Structure formats: C-alpha cells, structure tokens
Protein chains: 2
Amino acid sequence: MSDFLYLRENNIKEIIELMLEAYTESYSDPYEILKKNSFGRAHHRLICTVNANPGMKVADLIKKLKITKQSLSRVLQELIKDKIISQSKGKIDGRQRLLHLTEKGEKISEEIFSIQKERILKAFKECDSQEVLNFKKVLKKIINN
Amino acid sequence: MSDFLYLRENNIKEIIELMLEAYTESYSDPYEILKKNSFGRAHHRLICTVNANPGMKVADLIKKLKITKQSLSRVLQELIKDKIISQSKGKIDGRQRLLHLTEKGEKISEEIFSIQKERILKAFKECDSQEVLNFKKVLKKIINN
DNA sequence: TTTATGTAGTCAGTATTGCTGACATATATT
DNA sequence: AATATATGTCAGCAATACTGACTACATAAA
C-alpha cells in the first residue's frame, strides 16, 4: 500500500464514484433541449463528440463512443436526415466519411452547451485558475490511460 | 466574455467533452468482469453507487442514478436475487429499505474496482498530490451544482 | 490486373435499459 | 381514522446497444 494518501484505495474508489456522479449530473442537465428535438442520450453523445472533433471519421466515432457501427448507424442516420450532422468523402482516403456539425447542428450544440455550462461555470468560479487547469490535466491523463 | 482564460467558452466546452470521454473510458474497463456475471451498465452503476454509499435508501438511489423506480426495480431485484445486494428495513423509518453490498457483492465490486484502478493510478502517478486533491475538489463542486 | 484489406452501410433478430400509468402494501403522520 | 410517504409490482412501450451476415466501394499489395 502506498504511503501517498492520494493514491490510497479509498481515495481512488471515491474518485471513481465521483466521476460517475459528475457525468450523470452533467449529462442530465440538457434533457429538456434534447427531448424538444426528440433526441436522447445517444444523439447527445454523438453531437458532443463530433462538436469536439470536427471532421472526424466514422471509425473514430465508433472507437470513442465504444459502440458498434450498427448502433451508431441508426442514430447517425437520424441526425443526418435531420440535417444536424453532415458527411463528406475523405479527400485523401475516399473510403472515409468525415463528420461535421451543420449550422443547425452547431445551434443545437450551443443550446445544449449553454445549459451544461451553467453548472461548470458555477463550480469553476469557486476555484482558482490553477485548480481548473489541473482538473483538465488530470482528466486528460485518465483518458490517455 | 470573461478575461479569465479558464472560464472561456472553449475551455468549458473542451472540459465537458473530456468528462464524457473520461467516463466512457473508465466505465468500459470493467466490461469483461460484468459480462462474466451477466451484468451490464445498469448493474454496474448500481453496484458502484451502493458501494460508495452503504446503507442508502432506495429513494436516494433513484435520485442519484436519475432513473424511475420501475427501471431501478428490475435491476435491483436481479442483484438481490444473486445475493450481490442486501436490503434491510430502516430502524427509524420502517418503510425504508436500506441497501448494502453483501460479501459476494463486495468481492465483485473489488474485482471491478481493481480494473478501473489501474487506469486511475497510472494517471495519478504522473500527477502530484496537490493536483489529485484539486481534481477531487473540482469534481465535487461540479456535482453540488 | 487480380487479390486482399479497410471503411462504411445495411438487414434481421435479440437483449438491455429506460419510460409511463395503474395499482398494491406497509408504515408514518395528522 | 384518514392521509401521506416509501417501496414494490404489473403491463406495455421506446430507445439504445448487441451479434451475425452481407454488400459496395476504395485503397494497397501481389
């Protein structure tokens, strides 16, 4: 067992539960906006990820969301039909379909974001700049396993 | 628009996407262990939350997981039948059912945790004690909206 | 050029997770 | 005794995700 308090099992365990809770809270905020557009959690995950990674290819989206292409396809086709997301053929590799938010997609994404932002801003205003930067740094390290 | 860099829209937006990604990554790690026990995401959320809040009542679990009692009930009854979670009548308020992990439940919880821990520990070892404490602090502030 | 591989799309069927509404039971409160 | 609260249950439905099999097309390798 480590001598460093912050590496102790109980601390790690607590943080894992806090991450679940923070995710559940943050992603429940936009519920009404999503519902208004007949979208659900799956659409939300897709919009959020494409927004953060414009021009990403389908395979990368599948990898990030950890779902099968069949599961992705249903939701993606709905968003394409609703003109929230657009696809373009890859210029270097013509097999790829690159994903972008449309203007309409950007608008919905902003609407969703503005609700989530409230919670995050409220939290961050009680923190100093360094704490927020560290938070981001740690998040990134968790992702890059 | 704020003068504080860390409160700028792009930073907040990036952090929201990182939280989604960190959650997706962290909660995909225990997949094999859950599958082995014929459990899914719903069971996982339940086990994790009861583990972190032993003796919590059903209503609190519903509130935390943001699902209906009917949705909870199906999964909870499965876990009770499999002797992963136990219920006890509240001593102060006899209507309440207080939830605990059984010995078997603790064991599975540990098994799940040990996989998730790897990722978190790896990340935390690249950070100093203060950064990890800040991370936890910010997470908590996000939750307490 | 032919063949193999990689990217994406599609069809069919199934399991899991979540919802609503209605109703039941036990306990607590007034 | 009447009402409110906490939990459980039944039935039906919708959304999300899975597997397997197959197609179409583009690129890479032989």
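Small disclaimer: the values here were computed from a predicted structure and weren't measured. Note on naming: letters A, B, ... go to the chains in the order of the sequence lines (proteins, then strands), and numbering restarts at 1 for each one.
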Query raised in the report: Over how many whole Å does the gap from K57(A) atom NZ to dG9(C) atom C1' extend?
Result: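 After rounding, the gap between these two atoms is 16 Å.
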
**Report entry** Pairs touching residues 77-94 of chain A that satisfy side chain to side chain donor-acceptor pair (under 3.5 Å), sequence neighbours left out
**Finding:** H43(A)-E78(A), D93(A)-R95(A)

Requested in this report: Walking along DNA chain D from 5' to 3', note the first and the last nucleotide with an atom under 4.0 Å from a heavy atom of chain B, and give both.
Outcome: dT5(D) to dC10(D)

Report task. Report, as a single string ordered 5' to 3', how protein heavy atoms within less than 4.0 Å touch nucleotides 17-30 of chain C: B base, S sugar-phosphate only, - not at all. Result -> BBBBBB----BS--

Can you check whether [X] reaches [Y] side chain to side chain, under 4.5 Å on heavy atoms?
| X | Y | result |
| --- | --- | --- |
| V132(A) | N134(B) | no |
| M19(B) | L139(A) | yes |
| Y27(A) | C48(A) | yes |

Expected list for residues 105-117 of chain A: side-chain donor-acceptor pairs under 3.5 angstrom, two or more places apart:
residue, atom, partner, partner atom, Å
E110(A), OE2, K13(B), NZ, 2.5
E111(A), OE2, K36(A), NZ, 2.6
S114(A), OG, E111(A), O, 2.9
Q116(A), NE2, S26(A), O, 3.3
K117(A), NZ, E9(B), OE2, 2.5

Requested in this report: Go through L18(B) and F135(A) one step at a time and tell me if the side chain to side chain contact (heavy atoms under 4.5 Å, CB included) criterion holds.
Outcome: CA-CA 10 Å; L18(B) 287 174; F135(A) 180 71; over 6 Å; no

Query raised in the report: How bent is the helix from dT1(C)-dA30(D) to dT30(C)-dA1(D), comparing axes over its five end pairs at each side, to the nearest 10°?
Result: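 Computed angle between terminal axes is 30°.
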
Identify each donor-acceptor pair in which a side-chain atom of residues 59-68 of chain B lies under 3.5 Å from a protein atom, sequence neighbours left out, and give them as a table.
residue, atom, partner, partner atom, Å
K64(B), NZ, E21(A), OE1, 3.4
T68(B), OG1, S71(B), N, 3.2
T68(B), OG1, S71(B), OG, 3.0

At their closest point, which heavy atom of [X] faces which heavy atom of [Y], and how far apart are they?
| X | Y | result |
| --- | --- | --- |
| N37(A) | I33(A) | ND2-O, 2.9 Å |
| V138(A) | C127(B) | CG2-SG, 3.9 Å |
| K137(A) | E126(B) | NZ-O, 4.3 Å |

